[in-house]
Amino acid sequence: MSIDKSWFDEMEARIPHGEVRTRFAPSPTGYMHVGNLRTALYTYLIARHAGGKFILRIEDTDQGRLVADAVDVIYATMRRCGLTWDEGPDVGGPVGPYIQTERRDLYGKYAELLIEKGLAYRCFCSEERLEELHRDDPNAKYDRHCLSLSPEEIQAKLDAGEPYVIRQRIPEGSTTFHDAVYGDITVDNAELDDQILIKSDGLPTYNFANVIDDHLMGITHVVRGAEYLSSAPKYNLLYEAFGWEIPTYVHCSSVMFNDPVTGAVRKMAKRYGDPSYQDLVSQGYLSQAVVNYVSLLGWAPRGDIAEQEFFTMDELIAAFDIAGISKSPSAFDMEKLNYFNATYLRSLSPEEFAKEAEPWIRQAVKNEAYDAAAIAALLQARCEKLSDIPEKVDFFDALPEYGVELYTNKKSKTTGEVSLEMLKQTAPVLAGLEDWSQDAIHGALVELAEKLGVKNATLMWPLRIAAAGKAVTPGGAVEICRILGRDETLRRMKLGVEKLS
RNA sequence: GGCCCGGUGGUCAAGCGGCUAAGACACCGCCCUUUCACGGCGGUAACACGGGUUCGAUUCCCGUCCGGGUCACCA
């Protein structure tokens, strides 16, 4: 088999130089892990901080695991998170295509090149033989059975159409690679298997495709999860085999999950039902809050902003620094995400918040007479995530069944008797109020309390219980009555009086 | 199990030979207050352990323990 050298030269000629280029290379599984999101974010930030290019590449070489529409999930997630890419399957670019299955022809050529150099070889071993090897020793490396095949034997097998894979021949000695986070790491090559580069279906393995693509796309910083740390020596060996420049490795520690129920800490994984980005969004978390929180999971700003924890994307771009990435794994904490989300919700303008909240309010409050914007105003400081909303406002549509014991409250100095009296006193005042506004209702009630010689709470407590039928409500008596309207307020007060009588 | 990487309060973390060891979440008080929140003030709580190196170790080295990762024709 001969290879046209000029083809390789052309591929080399396309590679951009002189700028920082990073890539996020997910496989389309239809699911964005929080850990993946963080990796994507760091990758993006490294490129943007340096004024370089951020590239999206789809790694779909595992035909058995393809998921329909999964690529759309990736696009949508990244867009919502503000991670815009300069080159990718949909926008193109100088070193495309950006989907690995569309690049399938090129990997084989590079593998052939390695065979010519004597650094890789065809392996015809059957799965059965490999299994046998592992039966004797589960940790056995490939025994290089096919390395000793003569050219004639190989040709005969090829002619016979026997399936084969291409393996890299790992040299003797040891391999040292440098990682920007972990420093220098050395491993004995004896630990490394003669890894498969090209599978028997002709497609490259992830490890091989990754190196080829990263090189051909001019990637300068290879950012990925720490689970790839032990594969890094193999990557180095491949770069060395080709004589290519080795990029800067940036391995990020894994994200653990701090289960709020059991308190257990373990690696975050879909199979345990740990939340994905999509799960969080559907639970009413804001993308910016998630991104901001995730940015701080395994990275911390340094210097005079070491104490800052709220960042816009632009601020993250300005502040991000590889030196601030931590080596130890960190636990995803829902409580702290709640805090970030609550803070982001509160930082919204009342109009923006109402827009976000309205669908959630309408899940529980179907009655259009009750103003969603007014209800939203009560909620903004009182929810950590939008999904908290429905159960907080369900009393608007339907007054819950409640017991008279709710009327007794020590701090407000109310008992059933006192409450009954307060409701009787309040009803005519509200009935006669000309203006049903917040201020007017509030003014009238405060005036009445003063006239009766009771503290505000003594008057307000029973009114709120009668209006809402709940001990805890977003907003006070005045706000709730205002939204309910005069007729409904008086109707509910009358019910309260009946209960108490 | 072999190899690799980690180990500062419950969690996220600053620290990069000399500090009363930051800050944030959570938790607990107090204040504010028409409930609950929000906001304000204050508090409890940490350098895994044992050896070195050093005048001096959270910081450097070694060991132990613990945790994680990885050992596929998966990515």
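So that the names make sense, note that chain A is the first sequence line, chain B the second, and so on, each numbered from 1.
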Select one nucleotide: of [options], the one nearest the side-chain heavy atoms of [X].
{"X": "A:Y206", "options": "B:C73, B:U35, B:A75", "result": "B:A75"}
{"X": "A:S27", "options": "B:A75, B:A37, B:U70", "result": "B:A75"}
{"X": "A:V478", "options": "B:U34, B:U35, B:A75", "result": "B:U34"}
{"X": "A:S330", "options": "B:A72, B:C38, B:C12", "result": "B:C12"}

[atom1] gap between [N] and [M], integer Å:
{"N": "B:U53", "M": "B:C62", "atom1": "C1'", "value": "11 Å"}
{"N": "B:G10", "M": "B:C49", "atom1": "P", "value": "13 Å"}
{"N": "B:G50", "M": "B:U58", "atom1": "P", "value": "11 Å"}
{"N": "B:U8", "M": "B:A22", "atom1": "C1'", "value": "12 Å"}
{"N": "B:G69", "M": "B:G63", "atom1": "C1'", "value": "22 Å"}
{"N": "B:U11", "M": "B:G67", "atom1": "C1'", "value": "16 Å"}
{"N": "B:G7", "M": "B:U64", "atom1": "C1'", "value": "13 Å"}
{"N": "B:A37", "M": "B:A57", "atom1": "P", "value": "48 Å"}

Open item on the list: By nearest heavy atom, map A:P301 and A:E227 onto RNA chain B; which one lands nearer the 5' end?
Closed with: A:P301
Please work out if [X] contacts a base, only the sugar-phosphate, or nothing of the nucleic acid, heavy-atom cut-off 4.0 Å.
{"X": "A:A457", "value": "sugar-phosphate"}
{"X": "A:C125", "value": "base"}
{"X": "A:H442", "value": "base"}
{"X": "A:G225", "value": "nothing"}
{"X": "A:A477", "value": "base"}
{"X": "A:S326", "value": "sugar-phosphate"}
{"X": "A:T473", "value": "base"}

- [ ] Quick one: which residue pairs count as a salt bridge (charged side-chain N to carboxylate O under 4.0 Å, His left out) with a foot in residues 453-475 of chain A, not counting sequence neighbours?
- [x] A:D394-A:K470
Using both distances under 3.5 Å as the test, list the Watson-Crick or G-U wobble partner of [N], or none.
{"N": "B:C47", "result": "none"}
{"N": "B:U20", "result": "none"}
{"N": "B:G10", "result": "B:C25"}
{"N": "B:G67", "result": "B:C5"}
{"N": "B:U59", "result": "none"}

TODO: Take A:D333 and A:Y293 through the side chain to side chain donor-acceptor pair (under 3.5 Å) test and state the conclusion after the steps.
DONE: CA-CA 10 Å; A:D333 182 5; A:Y293 171 61; 5.5 Å; no
Task: Donor-acceptor pair present, A:R382 side chain and B:C38 base, under 3.5 Å - done: no
Open item on the list: So if I take residues 176-185 of chain A and measure heavy-atom distances to RNA chain B, which residues fall below 4.0 Å?
Closed with: A:Y182, A:I185
TODO: Go through the steps to decide whether A:Y206 and A:Y228 satisfy the test side chain to side chain contact (heavy atoms under 4.5 Å, CB included), and finish with yes or no.
DONE: CA-CA 11 Å; A:Y206 168 87; A:Y228 297 103; 3.5 Å; yes
Check nucleotides 24-28 of chain B for protein N or O atoms closer than 3.5 Å to its own N or O atoms and list the pairs.
from: B:A24; atom 1: O2'; to: A:E309; atom 2: OE1; distance (Å): 3.2
from: B:A24; atom 1: O2'; to: A:E309; atom 2: OE2; distance (Å): 2.6
from: B:A24; atom 1: O2'; to: A:K336; atom 2: NZ; distance (Å): 3.2
from: B:A24; atom 1: N3; to: A:K336; atom 2: NZ; distance (Å): 2.8

Task: Pairwise distance OG(A:S253) to OH(A:Y182) - rounded to 0.5 angstrom - done: 5.0 Å
Open item on the list: Nearest 0.5 angstrom please: A:R486 CZ to A:C481 SG, how far?
Closed with: 11.5 Å
What N/O pairs connect the protein and nucleotides 31-33 of chain B at under 3.5 Å? Give each pair on its own line.
none

TODO: Could you list all the side chain to side chain donor-acceptor pair (under 3.5 Å) pairs where at least one residue sits in residues 374-385 of chain A, not counting sequence neighbours?
DONE: A:K385-A:D388
- [ ] Give the rounded distance in Å between these two atoms: CD of A:Q308 and C1' of B:G23.
- [x] 12 Å
TODO: Quickly work out the A:Q195 CD to B:C73 P distance and round it to whole Å.
DONE: 11 Å
TODO: Go through the steps for A:D321 and A:R302 under the test salt bridge (Lys or Arg N to Asp or Glu O under 4.0 Å), then give the verdict.
DONE: CA-CA 8 Å; A:D321 170 18; A:R302 310 197 141 193; 5.4 Å; no
Extract from the structure each pairing of a protein N or O with an N or O of nucleotides 42-49 of chain B at less than 3.5 Å, listing the distance.
none

Open item on the list: Can you see if the side chain of A:R302 gets near the phosphate of B:A13 - specifically, an N or O under 4.0 Å from OP1 or OP2?
Closed with: no
